[in-house]
Amino acid sequence: MPEGVEVEYARRLIEERALGRKIAGIDAPDAWYLKRGLTAAALEPAVTGHRLTAARRRGKLLLLDTDRTGPTLGLHLGMSGRVLIDGHAAGDPLVYGSNLENPAWHRFTLRFADGGSLAMRDPRRLGAVELDPDEDRLGPDAFEVTQAEVDHVLTRSRAPVKAVLMDQSRIAGLGNLLVDEVLWRAGIDPARPARELDRNERRRVYRAVRRTLQLTLERGGSHTGDHMAQRVAGGVCPKDGTPFERRTIAGRTTFSCPQHQR
DNA sequence: GATGACCTGTGA
DNA sequence: TCACAGGTCATC
């Protein structure tokens, strides 16, 4: 779904309400939802009887550790996925997601021995479940990324700075909305080749990443940025009132201010 | 690295 | 009916 901020909400929900609970079985009615060769027949015995011991997150990947030498479960929320525990979700509803309940949208469920459950509801089926995921395919997490790491990825690519910031193998956790908000705050044109940014501009990007994550986390989601409200036809820049420009960059709809993003 | 594909729901 | 959607993956 969701970008790093929503995945962080899901992680916290799991940490608060699911840790220590024993898995009694799984419900995986959609074989397509299990990735990298995983099958329900292999997954169920691998996790049954184990307790959840930690809920971690790297970028948009949720990592559920189990006890002893039990496996780690990797959950991807895709574009429309949410985590429900005992039927309850975390955070605000997705702006572009459906909040209706439909049993057919429950693509994967962990059943707990106490009778509750951890379910993934995902209308669009673009999420995924995997076992012992390779966490190193992802770059440093956006919530913990350093200025040095930002400098490193930006100076090594000629791609548009937006494409670089959205590349999960470089920095993990920023999606389309958050990157637009970051570059709007930093005053950088999303189409600029990343390596052309000077030292001062890279510093602004780093600070905007920190500020954007802090702000949207406090406010309730990736859609709560100041820039987001103007992501519509006729939207104007909240800083200077200039009509926003709408383009496709890195394959994604991009809104930016032609006046102050340069 | 840009592009299209994946899948399905929503709103114009 | 169509365009579009906050993500990833394979392919050119």
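Convention: sequence-line order gives letters A, B, ...; per-chain numbering from 1.
Comparing dT11(C) with dC7(B), their P atoms are spaced 15 Å from each other, to the whole Å. With P as the reference atom, dG6(C) and dG1(B) are 22 Å apart, rounded to whole Å.
Nucleic acid contact for R124(A): base, since at least one base atom lies under 4.0 Å from a heavy atom of the residue. Residue contacts shown for R170(A) are limited to sugar-phosphate atoms, with no base heavy atom under 4.0 Å away. Residue-level contact check: R36(A) touches the backbone only, with heavy atoms under 4.0 Å from sugar-phosphate atoms and none from bases.
Comparing atom distances between the R125(A) side chain and each of dC7(B), dT8(C), dG1(B) picks out dC7(B) as nearest. Taking the side chain of P123(A) as heavy atoms from C-beta on, and the options dG1(B), dG9(B), dT8(C), the nearest nucleotide is dG9(B). Looking at the side chain of L126(A), the nearest of the listed nucleotides dT8(B), dC6(B), dG9(B) is dC6(B). Distance from the side chain of E3(A) is smallest to dG7(C) among dG9(B), dA5(C), dG7(C). With dT8(B), dC4(C), dG6(C) as the choices, the nucleotide that has an atom nearest any side-chain atom of M79(A) turns out to be dG6(C). Between dT8(C), dC6(B), dG7(C), one nucleotide has an atom nearer to the side chain of H76(A) than all others, and that is dT8(C). Listed candidates were dA5(C), dG7(C), dC7(B). Nearest to the side chain of K60(A) is dG7(C). In this structure, the nucleotide among dC7(B), dG1(B), dG6(C) sitting nearest to the side chain of P2(A) is dG6(C). Among the nucleotides dT8(C), dG6(C), dT10(B), the one closest to the side chain of W105(A) is dT10(B).
Between D27(A) and F108(A) the shortest side-chain heavy-atom distance does not fall below 4.5 Å. Annotation: side chain of R204(A) is in contact with side chain of I188(A) (closest heavy-atom distance under 4.5 Å).
For D151(A) and R202(A), the salt-bridge test passes: some basic side-chain N is under 4.0 Å from an acidic carboxylate O.
Using a 4.5 Å cut-off between side-chain heavy atoms of Ile, Leu, Val, Met, Phe, Trp and Tyr, with links allowed through other members, F255(A) and M228(A) fall into different hydrophobic clusters. Hydrophobic clustering keeps L177(A) apart from L215(A) (ILVMFWY residues linked when any side-chain heavy atoms are closer than 4.5 Å, directly or through intermediates).
Atom P of nucleotide dT8(C) and atom CG of D167(A) are separated by 10 Å, given to the nearest angstrom. The nearest whole Å value for the distance from the CG atom in L62(A) to the P atom in dG7(C) is 15 Å. In this entry the distance linking CG of L138(A) with C1' of dG7(C) reads 12 Å, nearest Å. Between L165(A) atom CG and dG1(B) atom C1' there is a gap of 15 Å when expressed in whole angstrom units. For the pair K35(A) NZ and dA10(C) P, the interatomic distance rounds to 11 Å; values are reported in whole Å. Protein atom CZ of R137(A) is 11 Å distant from nucleotide atom P of dA10(C), rounded to whole Å. With rounding to whole Å, M166(A) atom CE is found 12 Å from dA5(C) atom P. Computed from coordinates, the E6(A) CD to dG6(C) C1' distance equals 7 Å when rounded to whole Å.
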Check step by step if side-chain hydrogen bond (donor to acceptor under 3.5 Å, both in side chains) holds for T216(A) and E181(A).
-> CA-CA 10 Å; T216(A) 55; E181(A) 177 84 13; over 6 Å; no
D67(A) and T53(A): side-chain hydrogen bond (donor to acceptor under 3.5 Å, both in side chains), yes or no, with the steps?
-> CA-CA 6 Å; D67(A) 58 8; T53(A) 55; over 6 Å; no
Carefully, step by step, assess T72(A) and D65(A) under the rule side-chain hydrogen bond (donor to acceptor under 3.5 Å, both in side chains).
-> CA-CA 4 Å; T72(A) 293; D65(A) 295 326; 2.8 Å; yes
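Taking every heavy atom of residues 127-136 of chain A and every atom of DNA chain B, no pair lies under 4.0 Å.
With the 3.5 Å cutoff on both pairing distances, Watson-Crick and G-U pairs in DNA chain C assemble into runs of at least 3 at B:1-6 with C:7-12, B:8-12 with C:1-5.
For S80(A), no side-chain nitrogen or oxygen approaches OP1 or OP2 of dG6(C) to under 4.0 Å.
Each of R57(A), K60(A), R58(A), R56(A) was evaluated against E8(A); a single residue qualifies, R57(A), per the salt bridge (charged side-chain N to carboxylate O under 4.0 Å, His left out) test. Between D180(A) and the choices R231(A), R246(A), R252(A), the salt bridge (charged side-chain N to carboxylate O under 4.0 Å, His left out) rule is met once, by R231(A).
Listed by first and then second residue, the salt bridge (Lys or Arg N to Asp or Glu O under 4.0 Å) pairs that reach into residues 186-196 of chain A are D189(A)-R247(A), R192(A)-E201(A), sequence neighbours excluded.
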